[in-house]
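Structure first, then comments.
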Amino acid sequence: MDQFQHLIIEKNDGIALLVLNRPKQLNALNKELLSELNSAFELLREDLETKVIILTGSGEKAFVAGADIKEFASFNGEQGTELAKTGHMTVFNLIEEFPKPVIAAVNGFALGGGLELAMSAHVRIASDNARMGLPETSLGLIPGYGGTQRLPQLIGKGRALEMIFSAKMIDAPTALSYGLVNQVVPQADLLEAAQTMAKSFMKNSIVAMGYAIESVNAGLLEGSVGYDVEVQAFGDCFETEDFKEGTTAFIEKRKPDFPGA
Ligand code: CAA
């Protein structure tokens with residue numbers, strides 16, 4: 001599994017550790033990284049030795065700081081819709097529906113698409129320095145990788161909308177009190193804590209866990225059109241002046257001045 005440019009995979013005792021590795025960009029999700037994530041999960045699905053997957057970010061600063069803003073800043077509505085749709089299908093739904101447990105070890109910033117990636121995992125452990133948020137409205141966008149659906153599922157509608165409207169980050173203890181993460185540990189102990197959790201899962205039937213994942217997801221998704229609405233609305237944002245101002249301001253490292261409707 002050494003064909004990856006932005007992903008490191010280490011396999012040990014039934015656990016596959018997947019490290020997202022674009023540290024200079026705070027592991028922001030560009031097209032290649034998403035495509036590599038898709039390939040890695042497809043390989044691990046077939047890999048009989050792998051029972052549990054741990055997903056983390058390289059470096060001590062970030063899990064993932066979001067989708068790569070510089071990559072999509074010039075997109076139009078159609079390209080925006082396509083970006084969200086492809087992300088849902090190839091990575092976020094794939095992880096949520098993955099038949100083996102996936103643990104996100106959130107080791108720093110998990111923002112936008114980064115928090116959405118952590119939320120598509122089955123459980124989350126955060127380091128005590130982790131900070132989580134959905135800052136998309138500060139860019140004139142909405143969360144486009146499932147955040148409008150998975151955040152309210154995990155923490156309830158009121159808190160989810162407050163996080164989306166304010167675009168603010170919450171710290172690890174707050175995330176724990178919201179139920180957004182299952183556990184918080186000192187950063188130095190994060191991977192060990194994730195491995196301990198993985199080993200506790202591995203004492204039980206991974207096949208049964210696959211069926212549990214399928215059943216839990218079915219209860220949440222049955223009849224839901226929310227993901228489709230999110231994909232379309234995410235694309236619509238790309239046609240707005242607010243989106244142009246929001247992404248330009250990020251790239252120019254200044255505060256946005258949104259023109260509004
Ligand atoms: N996309 C592209 N590049 C990013 C990035 C992102 N999401 N996040 C950080 N980077 C880059 C920065 O541009 C910077 O690169 P340069 O050195 O070339 O300028 C580098 O990573 C380091 O970042 P900062 O200098 O900004 O580091 P900081 O410590 O001052 O701030 C931060 C850290 C608060 C995480 C800040 O980087 C930040 O706010 N990042 C953007 C977070 C964000 O808005 N995420 C949502 C993206 S939109 C999305 O995800 C849409 C979706 O739902 C599909």
Side-chain angles (χ1 to χ4, degrees), residues 6 20-35 37 57-93 95-96 104 106-120 126-127 129-152 160 163-172 226-238 240 242-256 258:
H6 299 309
L20 297 128
N21 191 30
R22 291 186 78 210
K24 282 191 188 139
Q25 295 81 17
L26 305 185
N27 306 320
L29 301 170
N30 64 356
K31 218 170 145 194
E32 290 89 54
L33 179 48
L34 287 170
S35 159
L37 267 173
S58 68
E60 295 191 346
K61 191 168 169 182
F63 174 69
V64 172
D68 191 317
I69 299 168
K70 291 165 192 168
E71 193 176 67
F72 66 59
S74 62
F75 278 14
N76 63 23
E78 206 177 316
Q79 291 169 304
T81 303
E82 198 47 44
L83 182 73
K85 202 182 199 174
T86 308
H88 278 214
M89 280 184 329
T90 59
V91 174
F92 297 83
N93 292 352
I95 295 176
E96 181 168 61
V106 179
N107 58 312
F109 289 115
L111 302 174
L115 180 56
E116 292 172 294
L117 184 66
M119 290 192 293
S120 69
S127 57
N129 66 324
R131 303 191 69 198
M132 285 154 261
L134 291 180
E136 284 89 344
T137 58
S138 72
L139 297 162
L141 275 178
I142 62 165
Y145 286 150
T148 66
Q149 307 303 299
R150 293 190 183 105
L151 189 63
M163 282 181 68
I164 292 169
F165 293 166
S166 71
K168 281 190 183 150
M169 301 179 209
I170 58 172
D171 60 16
Y227 289 96
D228 299 334
V229 173
E230 182 191 83
V231 165
Q232 186 58 49
F234 183 75
D236 290 346
C237 291
F238 282 73
T240 67
D242 278 13
F243 165 73
K244 289 183 186 75
E245 168 59 12
T247 47
T248 306
F250 176 80
I251 289 164
E252 292 175 357
K253 297 183 189 287
R254 62 171 171 83
K255 285 202 181 341
F258 290 116

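Remember, it's a predicted structure, so these values are computed and weren't measured experimentally. Ligands are counted one by one from 1 in listed order, and the atoms in each one are counted from 1 as well.
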State the OH-CZ distance between Y227 and F92, to the nearest 0.5 angstrom. 11.5 Å

With sequence neighbours left out, write down each residue that passes side-chain contact (heavy atoms from CB on, under 4.5 Å) with D68, or none if nothing qualifies. R22, A28, N30, K70, E71

Side-chain donor-acceptor pair under 3.5 Å between D228 and Q232, yes or no? no

Identify, chain by chain and in numerical order, each protein residue with a heavy atom under 4.0 Å from an atom of ligand 1. K24, Q25, L26, A28, K61, A65, G66, A67, D68, I69, K70, F72, F109, L111, G112, G113, E116, P135, E136, L139, P143, G144, Y145, M169, F234, F250, K253

What do you reckon, is NZ of K85 surrounded by more than 12 foreign heavy atoms closer than 6.0 Å? no

Going by distance alone, is a donor N or O of one side chain under 3.5 Å from an acceptor N or O of the other, for E82 and T86? yes

I want to check something: taking the side chain as every heavy atom from C-beta on, are I142 and I164 in contact at a cut-off of under 4.5 Å? no

